[in-house]
> 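Dropping the structure in here first, questions after.
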Amino acid sequence: MSTIDFQEQFDHKIDNDISIEPRDWMPDDYRKTLIRQISQHAHSEIVGMLPEGNWITRAPSLRRKAVLLAKVQDEAGHGLYLYSAAETLGITRDQMYEQLHTGKAKYSSIFNYPTLTWADMGAIGWLVDGAAIMNQVPLCRTSYGPYARAMVRVCKEESFHQRQGFEVMMQLAKGTPVQKKMAQDALNRWWWPALMMFGPTDDNSPNTAKSMRWRIKRFTNDELRQKMVDVTVEQIRLLGLTVPDKDIKWNEARGHYDFGVINWDEFYAVISGNGPCNKERLETRRKAWEEGQWVRDAAMAHAKKRAARKADEQSKAA
Ligand code: FAQ
């Protein structure tokens, strides 16, 4: 088949919502875009363990500790499914780690903010996992099969995370005045960074048009951000807290909330390595990689020993 036939077949699949699978022909740029997005997504899950991991030893009860521990472990699992999905596109896990550790690869801006109080565990579950679900539910129908399938399980787990975060916020918001203040303070600090998670505005998003054409993305960054605002403002009111945006206002004509201007200078500073915790996050990941060398060596030595034993048994049996 000529490249034109392959391209036609690929376009036919995209236009008819037939998933693209690892052995299928695909345009180079489609492959590149997917490797970029899926590996960034995987890195986000792994780096995303750090801000919450910070609170496991300080959770206020055994129940909260067990829940937080399970949530952080889930995020590790998400990272692993996603690295596996990216590997089907021809990049190795070592290459992806290398890109993360050298600062070449991005990961979500949100994980470069510090977790200062216990209420931040509520705000992260509610807002960060909430934004992740808003973005990832449509990704269950993304055009690349292994990514779409990984997202199904990820979304089920994220929705538990979101509910546990909301429950933490609810308890604090209905608690003592000090607890309520803590909840409001966490909301104030996480609100804007959570809205930034959806990426730049559509007119500044170099990847949106092609990702929409290839049905990698089903909604634009601004569409998802608006959905997030519409859903969350109601939840903030239910909690009895205040939306940290003086410009928030229901717009009857649009059928959506209008909201204030996002600080895009802050966003671009964070994604180019200059957020409050970028250096700390990367150093922690690099250190974990270096300190895990003996585990990888031992696993490789064990695998080699098993393979040698198996080969020996097979040659004796023959
Ligand atoms: N942070 O042209 P676009 C989670 C970059 S998972 C950093 O609009 P695109 C679970 C973008 O990469 C959170 N960089 O790009 C959890 C591009 O740079 P490049 C992660 C960002 O790909 C919860 C440039 O800006 N979720 O939270 C960000 O079409 C709790 C131009 O942007 C995903 O990764 C950002 N926020 O749209 C874990 C979902 N936004 O590569 C632990 C999958 C944009 O050209 C605890 N990803 N950039 O140098 C996506 O849906 C998309 O990749 C977007 C960006 C929407 C993030």
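Order of listing sets the numbers, starting from 1, for every ligand and every atom in it. Everything numeric in this text was worked out from a predicted model, so none of it was measured. By convention here, the first residue in the shown sequence is residue 1.
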> With only distance considered, is Ser205 within less than 3.5 Å of ligand 1 through an N or O on each side?
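Yes; at least one N/O pair falls below 3.5 Å.
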> Using a strict cut-off of less than 4.0 Å between a Lys/Arg side-chain nitrogen and an Asp/Glu carboxylate oxygen, indicate whether Lys227 and Asp222 qualify as a salt bridge.
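Salt bridge absent between Lys227 and Asp222.
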> I want to confirm something. Looking only at heavy atoms, which of Asn207, Ile216, Asn135 is nearest to atom 51 (O) of ligand 1?
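Of the listed residues, Asn135 has the closest heavy atom.
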> Hey, is His161 one of the residues with a heavy atom under 4.0 angstrom from ligand 1?
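Flag not set, His161 not near ligand 1.
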> Out of all atoms in ligand 1, which are within 4.0 Å of some heavy atom of Glu45? Include the element for each.
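Every atom of ligand 1 under 4.0 Å from some heavy atom of Glu45: 6 (S), 10 (C), 16 (C), 38 (C).
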> Please determine whether side-chain hydrogen bond (donor to acceptor under 3.5 Å, both in side chains) holds for the pair Asn112 and Tyr107, giving the CA-CA distance in whole Å, both sets of side-chain angles, and the decisive distance to 0.1 Å.
CA-CA 9 Å; Asn112 293 304; Tyr107 57 86; 2.6 Å; yes
> Within ligand 1, which atoms have a heavy atom of Met197 less than 4.0 Å away?
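Checking each atom against Met197, I get 27 (O), 36 (N).
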> Should one rank Ala105, Ala194, Pro200, Ser109 by closest heavy-atom distance to atom 32 (O) of ligand 1, which comes out on top?
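The nearest heavy atom belongs to Pro200.
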> For Asp245 and Gly260, indicate whether the former's side chain and the latter's backbone hold a donor-acceptor pair under 3.5 Å.
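Between the backbone of Gly260 and the side chain of Asp245 there is a qualifying donor-acceptor contact (under 3.5 Å).
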> For atom 23 (C) of ligand 1, which candidate among Leu195, Val154, Asp129 holds the nearest heavy atom?
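Nearest heavy atom to atom 23 (C) of ligand 1 lies in Asp129.
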> Give yes if a backbone or side-chain nitrogen or oxygen of Ser44 is under 3.5 Å from a nitrogen or oxygen of ligand 1, and no if not.
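N/O-N/O distance below 3.5 Å does not exist for this pair.
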> Do ligand 1 and Glu75 have nitrogen or oxygen atoms that lie under 3.5 Å from each other?
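No: no nitrogen or oxygen of Glu75 is under 3.5 Å from one in ligand 1.
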> If hydrogens are left out, which of Pro206, Pro193, Ala42 has an atom nearest to atom 31 (C) of ligand 1, that is, the closest non-hydrogen atom?
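Checking each option, the heavy atom nearest atom 31 (C) of ligand 1 is found in Pro206.
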> Tell me which one of Gln40, Met196, Lys217 gets a heavy atom nearest to atom 55 (C) of ligand 1.
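Answer by nearest heavy atom: Lys217.
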> Between Arg296 and Trp289, is NZ or CZ placed under 6.0 angstrom from the six-membered ring centre and within 45° of the ring axis?
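Cation-pi check for Arg296 and Trp289: passes.
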> Who passes salt bridge (charged side-chain N to carboxylate O under 4.0 Å, His left out) against Glu234, sequence neighbours left out?
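Result, salt bridge (charged side-chain N to carboxylate O under 4.0 Å, His left out) vs Glu234: none returned.
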